[in-house]
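The structure presented is a predicted model; accordingly, all values stated were derived computationally and were not measured. One-based numbering along the sequence shown. In listed order, ligands and their atoms are each counted from 1.
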Amino acid sequence: MTHLKNTIASNEPGLSIRNDGGAERTPKEPLAPDFGAMDDRSVRAWTEAMSVAPLGDGRYSVEGQSDETYVVDLPESGCTCPDHTIRGERCKHLRRVVIEVNRGRVAPPGRVRGICEACGREAFLPEGGPPLCDTCRLDPGDFATDRETGDTVVVARVTGVRADEVTVGSRGRTVADYPTNEGYPSDDLVVEVVYPFSRSGVSFADLPRYSFPFSRLARREESLVGPFDRY
Ligand SMILES: [Zn+2]
Ligand SMILES: [Zn+2]
């Protein structure tokens, strides 16, 4: 599993893409950017009437005053408008998308606006990943505590399937049916974990995996870097 990191940056102050996914932004933050940090073209790009809509894969459609619609490709720093394609300018459409992403108004590349399955809050969720916000999500290598036993486990993988859809063991019971998982939502996503200290001399990737409903696990602050990088 790759961590979503935006690596786009520009040389202009106030126009680099922040790396936090924009998910934690509060509505209290003023919507007007710091004009002092922007050059004239960026100020115009922000104040002109344009509507920006994410298309996925880091692409955005930008519709301006004259009804023309252009497509900005943020990872490529490209735009389909003549200002960019012919004159090679860092055009107002590209600038506008950068500002909107930085302000948390549209999803950054690799994210989509949605509702977090665990906390029910609106957030920018990973595109094609489990529908969990940055606060709730578990990543491979994260330590977690099993709320039932207090055991320490390490997350191997967060699956995209629900606890009542995954069968485990020989009796064909689902994760949700397990007596110890009673009381946890049956539509929880299934998380695969290992017991990191169960066998010495066995690498993490080779330890047996166990399936848990998401909310049975409490994330801890520590995490292991590396053991599940290949998943
Ligand atoms: Zn443009
Ligand atoms: Zn959440």
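- The two atoms that bring Ser211 and Val190 nearest to each other are CB-CG1, 3.6 Å, heavy atoms only.
- Using modelled atom types and a 3.5 Å distance limit, the side chains of Ser42 and Arg96 yield no donor-acceptor pair.
- No side-chain donor-acceptor contact under 3.5 Å links Asp164 and Thr174.
- Between SG of Cys133 and SG of Cys136, the angle at the Zn ion (ligand 2) works out to 100°, rounded to 10 degrees.
- Judged purely by distance below 3.5 Å, without hydrogens or angles, the side chains of Thr152 and Arg220 pair a donor atom with an acceptor atom.
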Worked check of salt bridge (Lys or Arg N to Asp or Glu O under 4.0 Å) between Arg157 and Asp139: CA-CA 7 Å; Arg157 187 165 79 101; Asp139 283 318; over 6 Å; no

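- With the Zn ion (ligand 2) as the vertex, SG of Cys116 and SG of Cys119 span 100° to the nearest 10°.
- Between SG of Cys91 and SG of Cys81, the angle at the Zn ion (ligand 1) works out to 110°, rounded to 10 degrees.
- When the Zn ion (ligand 1) is compared with the N/O/S atoms of His93, atom ND1 turns out nearest.
- When distances to the Zn ion (ligand 1) are checked against a cut-off of 2.8 Å, Cys79 contributes an N, O or S atom below that limit.
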